[in-house]
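As a basis for the values below, the full set of heavy atoms in this structure was taken, side chains included, without hydrogen atoms, waters or symmetry mates. Position 1 is the first residue of the sequence; numbering continues from there.
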Amino acid sequence: MDAAEARDAPASAPRSHLVRLLQTGETYACNDTETLLQGMSRIGKKGIPVGCRGGGCGVCKVAVKSGSVRKIGVMSRAHISEQDEASGVVLACRVSPTCGVELEVLGKMQTTVCAPWGRIAS
């Protein structure tokens with residue numbers, strides 16, 4: 001994209017970033033307008049555990065090992081302390097990626113819900 005195209009592009013156009021789960025090596029694309037949890041759910045995968053989706057239960061706790069995220073909602077201090085947050089431990093339902101991200105899931109990992117390639121689900 002040249003400078004003129006960048007200038008004329010809508011400011012709110014979502015950008016997609018690659019998210020990688022370190023335990024499994026799985027990756028998925030996540031827009032900067034959605035949470036890490038929404039991006040994973042949108043493509044029909046599981047990996048990050050899902051709870052209340054509102055920042056209160058702490059089930060989707062992850063550690064950002066590389067890359068960065070931005071907070072888009074309140075996280076319960078019962079599950080994420082200020083020190084945790086400062087060190088990259090966050091709730092996947094309350095942050096969105098600002099670039100490519102590598103995550104370590106701190107809760108119980110879940111398996112993918114996608115059928116293996118070439119296999120038809122019945």
Side-chain angles (χ1 to χ4, degrees):
M1 178 183 306
D2 67 19
E5 289 173 323
R7 183 187 68 242
D8 295 335
S12 61
R15 293 187 48 174
S16 183
H17 304 288
L18 193 63
V19 178
R20 181 170 177 252
L21 303 178
L22 291 174
Q23 285 99 323
T24 64
E26 285 190 279
T27 60
Y28 65 93
C30 185
N31 292 331
D32 58 5
T33 58
E34 61 189 352
T35 68
L36 295 173
L37 199 57
Q38 288 170 329
M40 185 191 68
S41 297
R42 177 179 43 78
I43 60 169
K45 289 196 173 196
K46 288 188 176 181
I48 302 170
V50 179
C52 71
R53 293 185 170 104
C57 72
V59 171
C60 63
K61 188 184 291 190
V62 297
V64 177
K65 296 299 188 176
S66 71
S68 63
V69 296
R70 74 180 167 88
K71 187 174 172 181
I72 61 169
V74 177
M75 290 182 244
S76 169
R77 288 296 178 217
H79 302 291
I80 302 293
S81 69
E82 288 182 31
Q83 294 81 13
D84 288 339
E85 192 174 338
S87 69
V89 175
V90 295
L91 299 178
C93 69
R94 306 314 279 171
V95 297
S96 62
T98 59
C99 62
V101 178
E102 289 187 319
L103 303 175
E104 180 182 336
V105 176
L106 300 179
K108 182 181 176 191
M109 287 287 295
Q110 298 193 2
T111 58
T112 64
V113 295
C114 298
W117 179 257
R119 186 171 165 210
I120 300 173
S122 50

Return all side-chain donor-acceptor pairs below 3.5 angstrom for residues 87-95, not counting sequence neighbours, or 'none' if the list is empty.
unit_1 : atom_1 : unit_2 : atom_2 : d
S87    : OG     : Q83    : O      : 3.3
S87    : OG     : D84    : O      : 2.9
R94    : NE     : V74    : O      : 3.2

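Residues L106 and E104 form a side-chain contact, since some pair of their non-hydrogen atoms from C-beta on lies under 4.5 Å apart. In this structure the side chain of V64 reaches within 4.5 angstrom of the side chain of L103, judged on heavy atoms.
Between Y28 and I48 the shortest heavy-atom distance is OH-CD1, 3.8 Å. When every heavy atom of P97 is checked against every heavy atom of E34, the shortest pair comes out as CD-O, 3.8 Å. Between K61 and H79 the shortest heavy-atom distance is NZ-O, 3.0 Å. When all heavy atoms of C57 and G51 are compared, the closest pair comes out as SG-CA, 3.7 Å. The two atoms that bring C60 and P49 nearest to each other are CB-O, 3.2 Å, heavy atoms only.
When L21, L18, V69 are each tested for a side chain to side chain contact (heavy atoms under 4.5 Å, CB included) with V101, only one passes: V69.
At most 12 heavy atoms of other shown residues, nucleotides or ligands fall within 6.0 angstrom of atom CD in E82. By the 6.0 Å contact criterion, CZ on R15 is open, its count of non-hydrogen atoms from other residues, nucleotides or ligands being 12 or less.
Atom CD of Q38 is separated from atom CD1 of I72 by 6.0 Å, given to the nearest 0.5 angstrom. Atom CE in M40 sits 9.5 Å away from atom CD in E26 (nearest 0.5 Å).
Checked against side-chain hydrogen bond (donor to acceptor under 3.5 Å, both in side chains), S16 has no partners two or more places apart in sequence or in another chain. With sequence neighbours left out, the salt bridge (charged side-chain N to carboxylate O under 4.0 Å, His left out) criterion links R70 to no other residue.
When atom types are taken as modelled, the side chain of R42 and the backbone of A29 share a donor-acceptor pair closer than 3.5 angstrom.
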